[in-house]
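Below is one structure; the comments refer to it alone.
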Amino acid sequence: MSVLIGIIGKPNVGKSTFFSALTENAVEIGDYPFTTIESNRGVAYVRTKCPETDLGKKCNPNFGKCFNGTRFIPVELIDVAGLVPGAHEGKGLGNKFLDDLRRADGFIQVIDSTGSLDQNGNSVGRGRFDPLEDAEFVHREIILWLANIISDGLIRKLRKLESEGGKLEDIIYEKLSGLGIDPKDVSQALKNAAVPSNLKNWDDQVSMRIAEEIIRLSKPGIIVATKADKIDHDESTKLKEKGVQVVSGDYELVLRRASKAGLISYLPGDVSFTLADPGKLTPAQLDALKRVEDFMRVNGGTRTQEALEYIVYQVLKMIVVYPVEDENHWTDKNGNVLPDAVLLKQGSTAIDLAYKVHSDLGDRFIRAINGRTKRVLGRDHVLEDGDVIKIVAAR
Ligand SMILES: Nc1nc2c(ncn2[C@@H]2O[C@H](COP(=O)(O)OP(=O)(O)O)[C@@H](O)[C@H]2O)c(=O)[nH]1
Ligand SMILES: [Mg+2]
């Protein structure tokens, strides 16, 4: 299963545009709340330097693609329906969106950098709303949703625990099954949340604290302020100082479409583009591309691709590892060069990689071999970004 990232935020902030630019999927984009009723799923790509350059041979990716030594590795995105305050108790489209997010590894919360939308996504005029205020309520909705799941029927279970024994960790873990949460994170969250030892002192605040810790440990997120093509330098700086990724999803979308139509030459994340044939463009197209070009010069690109890579590499802390069957030629059994690129959490080991490739390969693991050094690696050997690894398994 690949990495899954949920795109969330109130209506109209630019989620679908951001999603569409990254996945090149055509989706509904609209200037009114709740354009997106159903969530959209799509595949986007994160860049990394492909080991093919060290090998001096072109790779043959099974998934994703590679251009001039830059490998594009698939990650899954889900663009969920607009989220408004009170969603956890059914307001707006209610809890549905939260259920879409059960399997997400992390969140990208999109906010409107222009501050033009109230909490329900209605236009209230430029700069009337502090974009950062959204960060608070969305975070809170997610925590409330999780706290509700934790609290549901909990007291009864805790009483049983007191009379019959057992572990609190197991109860909470069971409640969160299907959310893709690691048992280690549940244990840590319970420690951090200072859970009362006496049942009498347990209240909803305790569930809130546990939920908050679990989100922090297990489903981290970033904030992306889009529509940056409409704000000035000071507004942009202010957001960046708060750790917000400032992007123009719309300009990225323009570039992807123009590139697809053969009008420009542009790879996702490039800081500039070149016109294929200026004579082929209408004055309106030239004008639009000129505006995009100016924005890119000042900002170092549209920053859309970078925002995705920031959450994958810096926040979720993923590395890329290349499993191969032939450690000398870095191929699979059919001679395909570096066919697979796997995203793994930093700190993952040889056995983790084996299980990721195939559960059978994990079960029959004997040893691994580093394709660069040819050194033999044990199951607990910690892998590094860019490693090319052969797994040797029992027949
Ligand atoms: N100028 C500008 N407009 C944008 C950008 N992203 C989205 N929009 C516009 O904002 C409106 C809402 O966008 P949409 O992606 O449907 O928002 P969603 O409801 O959050 O999915 C549409 O009119 C978009 O064209 C952007 O980066 N720049
Ligand atoms: Mg939408």
Side-chain angles (χ1 to χ4, degrees), residues 5-42 44 77-85 87 92-93 96-98 100-101 107-129 131 133-135 137-138 141 221-232 235-236 239-240 244-258 268-269 287-296 298-308:
I5 294 168
I7 299 174
I8 56 176
K10 72 186 181 188
N12 265 333
V13 289
K15 296 180 298 298
S16 295
T17 304
F18 179 79
F19 168 88
S20 182
L22 285 170
T23 60
E24 300 182 22
N25 284 13
V27 298
E28 278 178 277
I29 292 170
D31 225 346
Y32 42 90
F34 305 126
T35 308
T36 313
I37 302 289
E38 289 303 318
S39 52
N40 300 300
R41 264 176 186 260
L77 296 188
I78 177 164
D79 164 30
V80 301
L83 161 55
V84 297
L93 292 175
K96 191 196 157 305
F97 82 96
L98 293 165
D100 286 335
L101 293 172
F107 300 119
I108 293 178
Q109 188 198 332
V110 178
I111 63 175
D112 161 31
S113 66
T114 70
S116 309
L117 305 166
D118 70 12
Q119 287 210 323
N120 293 310
N122 298 309
S123 192
V124 287
R126 178 84 170 78
R128 296 282 297 279
F129 191 87
E133 235 177 75
D134 284 345
F137 100 79
V138 173
E141 285 300 326
I222 63 166
I223 300 175
V224 170
T226 189
K227 310 191 186 180
D229 51 284
K230 282 187 166 166
I231 62 173
D232 63 32
E235 290 170 303
S236 171
L239 288 165
K240 284 183 196 155
V244 173
Q245 308 294 307
V246 182
V247 314
S248 173
D250 194 46
Y251 281 3
E252 182 69 17
L253 192 58
V254 168
L255 292 172
R256 302 270 182 131
R257 285 181 177 158
D287 201 47
L289 286 170
K290 176 80 180 64
R291 259 177 290 144
V292 176
E293 190 177 34
D294 290 343
F295 179 87
M296 291 173 86
V298 174
N299 295 279
T302 73
R303 313 303 296 170
T304 305
Q305 179 67 28
E306 280 85 351
L308 178 65

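In listed order, ligands and their atoms are each counted from 1.
Residue Lys230 has at least one heavy-atom neighbour below 4.0 Å for each of these atoms of ligand 1: 1 (N). Here is the list of ligand 1 atoms found below 4.0 Å of a heavy atom in Thr17: 6 (N), 7 (C), 13 (O), 14 (P), 15 (O), 24 (C). Residue-ligand proximity, Ser248 to ligand 1, at heavy-atom distances under 4.0 Å covers atoms 27 (O). In summary, the atoms of ligand 1 found under 4.0 Å from a heavy atom of Gly249, numbered by their order in the structure, are 27 (O). Which parts of ligand 1 touch Lys15 is read off a 4.0 Å heavy-atom cut-off, strictly below it: atoms 15 (O), 17 (O), 18 (P), 19 (O), 20 (O), 21 (O). Short contacts between ligand 1 and Thr226, defined as distances under 4.0 Å to a heavy atom of the residue, involve ligand atoms 27 (O).
No donor-acceptor distance shorter than 3.5 angstrom exists from the side chain of Ser248 to the backbone of Lys227, with no hydrogens or angles considered. Between the side chain of Asn12 and the backbone N or O of Gly121, at least one donor-acceptor pair lies under 3.5 Å. In this structure, Arg303 contributes its side chain and Val246 its backbone to no donor-acceptor pair below 3.5 Å. Here the side chain of Asn299 pairs a donor or acceptor atom with the backbone of Phe295 at under 3.5 angstrom. Judged by distance alone, with hydrogens and angles left aside, the side-chain atoms of Thr226 form no donor-acceptor pair with the main-chain N or O of Gly14 at under 3.5 Å. Gln109 places a side-chain N or O within donor-acceptor distance of the main-chain N or O of Asp134, the cut-off being under 3.5 Å. Between the side chain of Lys15 and the backbone N or O of Lys10, at least one donor-acceptor pair lies under 3.5 Å. The backbone N or O of Lys230 lies less than 3.5 Å from a partner atom in the side chain of Arg126, making a donor-acceptor pair. Remark: the backbone N or O of Met296 is not paired with any side-chain donor or acceptor of Thr302 at under 3.5 angstrom.
Residue Gly9 places every heavy atom at 4.0 Å or more from ligand 1.
At least one N/O-N/O distance between Ser16 and ligand 1 falls below 3.5 Å. Where the criterion is an N or O separation shorter than 3.5 Å, residue side chain and backbone included, Gly14 meets it with respect to ligand 1. The shortest N/O to N/O separation between Asp79 and ligand 1 does not fall below 3.5 Å. When only interatomic distances are considered, the shortest N/O to N/O separation between Pro11 and ligand 1 does not fall below 3.5 Å. Between Ala228 and ligand 1, no N or O atom pair is found at a separation short of 3.5 Å.
Among the atoms of Ser16, an N, O or S atom is found under 2.8 Å from the Mg ion (ligand 2).
The backbone and the side chain of Val13 each have at least one atom closer than 4.0 Å to an atom of ligand 1 (non-hydrogen atoms only).
Taking all heavy atoms of Leu253, Thr302, Asp250 into account, the minimum distance to atom 27 (O) of ligand 1 is reached by Asp250.
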Stepwise side chain to side chain donor-acceptor pair (under 3.5 Å) test for Thr17 and Asp250: CA-CA 6 Å; Thr17 304; Asp250 194 46; 5.4 Å; no
